[in-house]
Colleague: 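Pasting a structure below so you can have a look.
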Amino acid sequence: MKLFDEENELVVQRRKNFQEIIELGFEPFPHKFHRSHTITEIAEQYGHYAGQRSPQELERINRELNRVEVRIAGRMMTQRLMGKAGFAHLSDGDRQLQIYVRSNEVSEREWVLFKKLLDLGDIIGVEGYLFVTKTGELSVHVRQLAFLAKAFLPWPEKWHGLQDVELRHRLRYLDLMVNRHSRQVFVKRSRIIRAIRAFFDQRGYIEVETPMLTPIATGAAARPFKTHHNALDIDLYARIAPELYLKRLVVGGFEKVYELNRNFRNEGLSHRHNPEFTMLEFYQAYSSYEDLMDLTEELLIHVVEDVNGSLEIIYDGRPIHFGRPWRRLTLIEAIITYWPHPASRPSPEELWDSERLTALMKSVECTVDPQAPVGQRLVKLFEHVAESHLIQPTFIIEFPTEASPLAKQSETDPRLVHRFELYVGGLELANAFCELNDPEEQRRRFEEQMQLRQRGDEEAMMMDEDYVRALGYGLPPTAGEGIGIDRLVMILTDQKSIRDVILFPHMRPEA
RNA sequence: GGGCCGUUAGCUCAGUCGGUAGAGCAUCGGGCUUUUAACCCGAGGGUCGGAGGUUCGAUUCCUCCACGGCUCACCA
């Protein structure tokens with residue numbers, strides 16, 4: 001894909017204009033422009049002067065405003081020329097402000113610059129005074145005009161902006177310039193992350209950083225990215241989860257820790273998967289997964305209120321209510337509840353029967369590996385029949401042990417672990433459980449995973465001997481949770497694709 | 001990886017039941033000293049994603065390739 005052709009007439013024209021700007025004596029790439037205000041500051045301080053008024057009232061307002069001298073800078077987004085005067089809008093990235101330039105009130109070369117040589121997208125600075133036009137728009141009446149930087153490449157369509165999804169992702173800088181909505185998504189993302197940190201900081205958790213490059217990739221079921229350390233001559237893996245390091249820290253006495261950072265998984269891309277994604281993980285000693293359900297409700301309510309102002313949002317055209325308490329149902333209940341054919345709705349006993357389970361899965365067109373452990377197949381079946389129905393915040397609890405090699409078993413039913421996943425808008429947002437802290441049992445679970453791996457399950461977990469040793473020193477009863485931040489941002493910004501909440505999503509290289 | 005869909009001017013999009021294409025914005029020239037989707041007059045700009053095939057003739061039909069979108073699989 002060829003984005004911009006150097007021979008394109010629009011590019012040639014812009015280069016020519018740039019040459020003439022230099023010939024007029026303007027510095028081609030000035031180092032600095034002193035601003036008295038950002039455009040956003042002017043909009044906030046003087047925006048209330050805008051609005052239609054009677055001629056007398058306008059004159060009175062302008063006598064006051066004309067005393068406000070400003071120096072502002074920004075990117076020229078629009079321009080309207082009318083013979084010996086003209087208007088333009090400058091943007092500081094956030095807000096826009098109109099400027100008004102008259103040929104007889106600026107120097108001759110400044111007028112030539114404004115009228116003939118500036119192109120949409122160029123960056124300029126102006127000095128002048130504020131006024132309100134007769135149509136009621138707050139504007140700067142320009143006395144001096146400075147050239148600051150050239151946009152050499154053509155500008156997108158002014159009404160529709162940049163629509164092409166591929167271009168919006170590859171040329172994110174351009175997308176951010178012309179699509180205000182796109183900018184707002186990432187401003188909101190930043191606020192969400194700030195709100196999360198504030199929540200944990202206020203509650204006495206400490207934020208930590210654990211390795212991104214690790215000798216074994218473990219803590220989740222996924223294929224890793226592999227790289228090589230030259231000096232040590234060893235292979236390293238980009239982490240797929242920080243889980244085992246964070247629990248080592250709980251062993252070490254950090255009773256409440258969190259980490260908010262990137263994970264890497266070498267899997268397919270989809271509207272909800274990017275190879276690198278942002279994960280919040282937190283662990284707290286002397287707590288159970290029940291405590292974490294309460295905490296998760298508090299956390300997300302804090303975040304939703306902070307960025308949204310209310311507990312109801314719209315996602316994909318449907319309202320979602322974050323008011324407590326959120327629904328809780330077990331994984332088995334969810335499968336039965338959302339079973340698509342009421343006549344053949346299975347019982348819990350049927351679901352736990354390996355052969356019956358395979359038949360049931362086939363009956364609802366869920367692809368099945370009959371050799372896989374029953375527990376793994378149950379999770380797959382749950383995702384197949386129930387996941388897309390979980391629009392309102394819902395905790396799915398009690399997962400099969402076989403699908404949860406790091407979680408502590410139920411006291412009453414060893415087939416199950418005390419684990420939950422949180423679903424909102426049909427997306428899995430969080431995963432949490434009581435942490436397995438019996439070193440012998442943990443070793444046995446790792447060994448089970450290694451057997452699956454030998455049978456060809458590339459996503460089965462690798463043995464981590466040092467982690468078992470850490471458990472050998474004693475991990476207090478602990479619960480931990482991971483929350484997918486990109487998906488949370490999707491929900492709160494009403495975006496259907498993870499690529500729209502990641503500034504530079506993974507793309508194939510340009511052809 | 002499979003299925004379906006898409007790729008036409010810098011951008012946003014029409015269109016050609018097979019006879020090599022249009023609009024708006026943007027650009028260029030002219031006019032206009034409070035416009036704001038400014039307006040008025042005039043002009044230029046396209047290997048119709050790439051390669052092959054069928055055909056007298058392909059942007060249009062077929063095949064392959066590239067990139068993208070949706071979806072399925074994978075992501076427990």
Side-chain angles (χ1 to χ4, degrees), chain A residues 1-5 7-14 16-17 55 58 62 77-89 96 98-105 111 115-116 119-121 131-137 139 141 151-171 174 178 220-223 240 265-275 277 331 365-367 369 372-384 399-400 402-405 419 421 428 431 449 452 457-461 484 496-499 507-511:
Chain A
M1 183 178 57
K2 194 167 193 178
L3 294 173
F4 293 112
D5 182 351
E7 301 302 310
N8 179 288
E9 74 167 297
L10 301 176
V11 177
V12 169
Q13 183 60 42
R14 282 167 180 255
K16 194 170 136 234
N17 290 346
L58 191 64
N62 277 332
M77 308 298 287
T78 62
Q79 194 184 28
R80 293 171 293 284
L81 292 170
M82 299 164 306
K84 295 186 173 58
F87 292 90
H89 273 109
Q96 295 195 6
Q98 181 170 259
I99 63 168
Y100 177 53
V101 184
R102 281 183 171 175
S103 61
N104 60 342
E105 295 180 27
W111 178 249
K115 180 166 183 181
K116 294 275 189 189
D119 293 296
L120 293 181
F131 77 110
V132 172
T133 66
K134 64 185 187 192
T135 54
E137 181 163 350
S139 307
H141 198 124
F152 295 100
L153 297 177
W155 198 239
E157 222 268 352
K158 75 175 167 192
W159 306 335
H160 306 91
L162 193 64
Q163 296 292 321
D164 185 286
V165 175
E166 184 178 354
L167 289 178
R168 287 187 44 232
H169 293 155
R170 288 193 195 280
L171 280 61
L174 191 57
V178 300
R223 283 141 69 193
I240 55 176
R265 296 185 184 176
N266 204 342
E267 309 280 1
L269 290 83
S270 83
H271 68 105
R272 49 192 176 153
H273 295 91
N274 196 59
F277 62 100
L331 184 120
E365 283 152 9
C366 178
T367 55
D369 168 11
V374 167
Q376 278 190 18
R377 277 182 280 156
L378 282 171
V379 172
K380 193 170 171 59
L381 180 58
F382 155 74
E383 288 174 356
H384 184 77
F399 277 65
E402 285 166 329
S404 317
R419 168 178 168 188
E421 286 187 346
E428 179 195 335
N431 178 23
Q449 289 289 309
L452 288 175
D457 183 350
E458 283 185 82
E459 279 141 16
M461 254 178 235
K496 259 47 87 202
S497 169
I498 197 168
R499 292 189 198 99
M507 307 277 286
R508 276 201 176 81
E510 288 170 37

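Quick caveat, the model's predicted, so the values are computed rather than measured. So that the names make sense, note that chain A is the first sequence line, chain B the second, and so on, each numbered from 1.
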Colleague: Hey, which of these two, A/E137 or A/G83, hits RNA chain B nearer its 5' end, going by closest nucleotide?
Modeller: A/G83
Colleague: Using atom C1' in both nucleotides, what's the gap between B/rG6 and B/rC13 to the nearest angstrom?
Modeller: 14 Å
Colleague: Using the rule given for side chain to side chain contact (heavy atoms under 4.5 Å, CB included), can you reason through A/R272 versus A/E428, listing the C-alpha separation, both sets of side-chain angles and the distance that settles it, and then say yes or no?
Modeller: CA-CA 10 Å; A/R272 49 192 176 153; A/E428 179 195 335; over 6 Å; no
Colleague: With both distances under 3.5 Å as the test, what is the Watson-Crick or G-U wobble partner of B/rU16?
Modeller: none
Colleague: Looking only at N and O atoms, is any donor in the side chain of A/W155 or the base of B/rA26 less than 3.5 Å from an acceptor on the other one?
Modeller: no
Colleague: Under a 4.5 Å cut-off applied to non-hydrogen side-chain atoms, are A/L269 and A/P275 in contact?
Modeller: yes
Colleague: How far, in whole Å, is B/rU59 from B/rU8 if one measures between their C1' atoms?
Modeller: 8 Å
Colleague: Closest-nucleotide mapping onto RNA chain B: is A/R419 or A/V132 further toward the 5' terminus? I mean the 5' end.
Modeller: A/V132
Colleague: What does A/F131 touch in the nucleic acid at a heavy-atom separation under 4.0 angstrom: a base, only the sugar-phosphate, or nothing?
Modeller: base
Colleague: Could you work out which one of B/rC67, B/rA38, B/rA76 sits closest to the side chain of A/E383?
Modeller: B/rA76
Colleague: Between A/E459 and A/R265, is a side chain to side chain contact (heavy atoms under 4.5 Å, CB included) present by the stated rule, with each step listed?
Modeller: CA-CA 10 Å; A/E459 279 141 16; A/R265 296 185 184 176; over 6 Å; no
Colleague: Could you tell me how far B/rC67 sits from B/rG49 if I compare only their C1' atoms? Round to whole Å.
Modeller: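 My reading of the C1' atoms in B/rG49 and B/rC67 gives 8 Å.
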Colleague: For the C1' atoms, the ones on B/rG10 and on B/rA73, what distance do you get once it is rounded to whole angstrom?
Modeller: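 Rounded to whole Å, the distance is 39 Å.
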Colleague: Can you check the A/L167 CG to B/rG10 P distance for me, whole Å?
Modeller: 12 Å
Colleague: Pairing donors with acceptors under 3.5 angstrom, does anything connect the side chains of A/E157 and A/H160?
Modeller: yes
Colleague: Looking at B/rU35, which nucleotide sits across from it as a Watson-Crick or G-U wobble partner, both distances under 3.5 angstrom, or is there none?
Modeller: none
Colleague: Under a 3.5 Å cut-off for both contacts, is B/rG1 paired Watson-Crick or G-U wobble with anything, and if yes, with which nucleotide?
Modeller: B/rC72
Colleague: Examine B/rG10: is either OP1 or OP2 under 4.0 Å from a nitrogen or oxygen in the side chain of A/R14? Give yes or no.
Modeller: no
Colleague: Tell me: CE of A/M507 to C1' of B/rG69, nearest whole Å?
Modeller: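 After rounding, the reported distance stands at 11 Å.
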Colleague: In the strands shown, is B/rA66 matched to any nucleotide by a Watson-Crick or G-U wobble pair with both distances under 3.5 Å, and which?
Modeller: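 Partner of B/rA66: B/rU7.
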Colleague: Across the strands shown, which category fits A/R499 at heavy-atom distances under 4.0 angstrom: base, sugar-phosphate, nothing?
Modeller: sugar-phosphate
Colleague: Can you find a donor-acceptor N/O pair under 3.5 angstrom joining the side chain of A/Q98 to the base of B/rU35?
Modeller: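 In this structure, the two groups form a donor-acceptor pair.
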Colleague: Without decimals, in angstroms, what is the distance between A/E157 CD and B/rA9 C1'?
Modeller: 13 Å
Colleague: Which value, in whole Å, describes the distance between the C1' atoms of nucleotides B/rU60 and B/rU54?
Modeller: 14 Å
Colleague: Between B/rC67 atom C1' and A/H169 atom NE2, what is the distance in whole Å?
Modeller: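 From A/H169 NE2 to B/rC67 C1': 14 Å.
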Colleague: Where the side chain of A/S497 is concerned, which of B/rC67, B/rC70, B/rA76 is the nearest nucleotide?
Modeller: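 Of all the options, the side chain of A/S497 is nearest to B/rC70.
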Colleague: Just call it for A/L378: base, sugar-phosphate, or nothing, with non-hydrogen atoms closer than 4.0 Å on any strand.
Modeller: nothing
Colleague: Is the phosphate of B/rU33, meaning OP1 or OP2, less than 4.0 Å from a side-chain N or O of A/R102?
Modeller: no
Colleague: Side chain of A/M82, heavy atoms from C-beta onward: which of B/rA76, B/rA38, B/rC70 has the nearest atom to it?
Modeller: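 Among B/rA76, B/rA38, B/rC70, the one nearest the side chain of A/M82 is B/rA38.
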Colleague: Given A/R102 and A/K84, is the side chain to side chain contact (heavy atoms under 4.5 Å, CB included) satisfied, shown in steps?
Modeller: CA-CA 6 Å; A/R102 281 183 171 175; A/K84 295 186 173 58; over 6 Å; no
Colleague: From the options B/rA73, B/rA38, B/rU12, select the nucleotide whose nearest atom is closest to the side chain of A/R80.
Modeller: B/rA38
Colleague: Give the nucleotide from the list B/rU33, B/rA37, B/rC28 with an atom nearest to the side chain of A/N17.
Modeller: B/rC28
Colleague: When we call it a touch if two heavy atoms are under 4.0 Å apart, what does A/D457 touch: a base, just sugar-phosphate, or nothing?
Modeller: nothing
Colleague: Taking atom P in both B/rA37 and B/rG31, what distance in whole Å separates the two?
Modeller: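 One P to the other, the span is 25 Å.
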Colleague: Do any side-chain nitrogens or oxygens of A/K158 fall under 4.0 Å of OP1 or OP2 in B/rC11?
Modeller: no
Colleague: Can any side-chain N or O of A/K116 pair as donor or acceptor with the backbone N or O of A/W111 at less than 3.5 Å?
Modeller: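 No; zero donor-acceptor contacts below 3.5 Å.
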Colleague: Taking B/rA23 as the reference, what is the distance to B/rA14 when you measure between their C1' atoms (whole Å, please)?
Modeller: 7 Å
Colleague: Consider the side chain of A/A403, meaning its heavy atoms from C-beta on, and name the nucleotide among B/rU33, B/rG10, B/rA76 that approaches it most closely.
Modeller: B/rA76
Colleague: Please enumerate all residues that pass side chain to side chain contact (heavy atoms under 4.5 Å, CB included) together with A/V178, with sequence neighbours excluded.
Modeller: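 Listed in chain order: A/W155, A/P156, A/L162.
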Colleague: Would you say that A/K158 contacts A/L120 through its side chain, given a criterion of any heavy-atom pair below 4.5 Å between the two side chains?
Modeller: no
Colleague: Remember a base hit wins even if backbone is also touched, and classify A/R265 as base, sugar-phosphate or nothing at under 4.0 Å, heavy atoms.
Modeller: nothing
Colleague: Mind checking the C1' distance from B/rU34 to B/rA26? Whole angstroms is fine.
Modeller: 24 Å
Colleague: Distances under 3.5 Å only, N/O to N/O: pair up the protein atoms with those of nucleotides 41-48 of chain B.
Modeller:
| unit_1 | atom_1 | unit_2 | atom_2 | d |
| --- | --- | --- | --- | --- |
| B/rG44 | N2 | A/E9 | OE1 | 3.2 |
| B/rG44 | N2 | A/E9 | OE2 | 2.5 |

Colleague: Which part of the nucleic acid does A/G86 contact within heavy-atom distance under 4.0 Å: base, sugar-phosphate only, or nothing?
Modeller: nothing
Colleague: Go through B/rG68, B/rG10, B/rC11 for me and flag the one nearest to the A/P156 side chain.
Modeller: B/rC11
Colleague: Provide, to the nearest angstrom, the distance between the CD atom belonging to A/E365 and the C1' atom belonging to B/rU71.
Modeller: 15 Å
Colleague: Any side-chain donor-acceptor pair under 3.5 Å between A/R499 and A/N274?
Modeller: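 A/R499 vs A/N274: no donor-acceptor pair found between side chains.
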Colleague: Using a cut-off of 4.0 Å on non-hydrogen atoms, how would the nucleic acid contact of A/K380 be classed: base, sugar-phosphate, or nothing?
Modeller: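 Contact class for A/K380: sugar-phosphate only.
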Colleague: Kindly point out which of B/rU34, B/rA73, B/rA76 is positioned nearest to the side chain of A/T367?
Modeller: B/rA73
Colleague: How many Å lie between NE2 on A/H384 and C1' on B/rC72, as a whole number?
Modeller: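 For the pair A/H384 NE2 and B/rC72 C1', the rounded distance is 11 Å.
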Colleague: Starting the side chain at C-beta, find the nucleotide from B/rC74, B/rU35, B/rA76 nearest to A/P405.
Modeller: B/rA76
Colleague: What is the distance, to the nearest angstrom, from the CD1 atom on A/I99 to the P atom on B/rU33?
Modeller: 18 Å
Colleague: Are A/E166 and A/R508 close enough, and set up right, to give a side chain to side chain contact (heavy atoms under 4.5 Å, CB included), and what steps lead you there?
Modeller: CA-CA 10 Å; A/E166 184 178 354; A/R508 276 201 176 81; over 6 Å; no
Colleague: For A/K116, report the nucleic acid contact type (base, sugar-phosphate, nothing); a contact means any heavy atom under 4.0 Å.
Modeller: sugar-phosphate
Colleague: Could you tell me the separation between the CD atom of A/Q163 and the P atom of B/rC11, rounded to a whole number of Å?
Modeller: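 It is 13 Å, rounded to the nearest whole Å.
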Colleague: Just jot down the ring-ring contact (aromatic ring centres under 6.0 Å, His included) partners of A/F399, sequence neighbours excluded, or say none.
Modeller: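 For A/F399 there are no ring-ring contact (aromatic ring centres under 6.0 Å, His included) partners, ignoring immediate neighbours.
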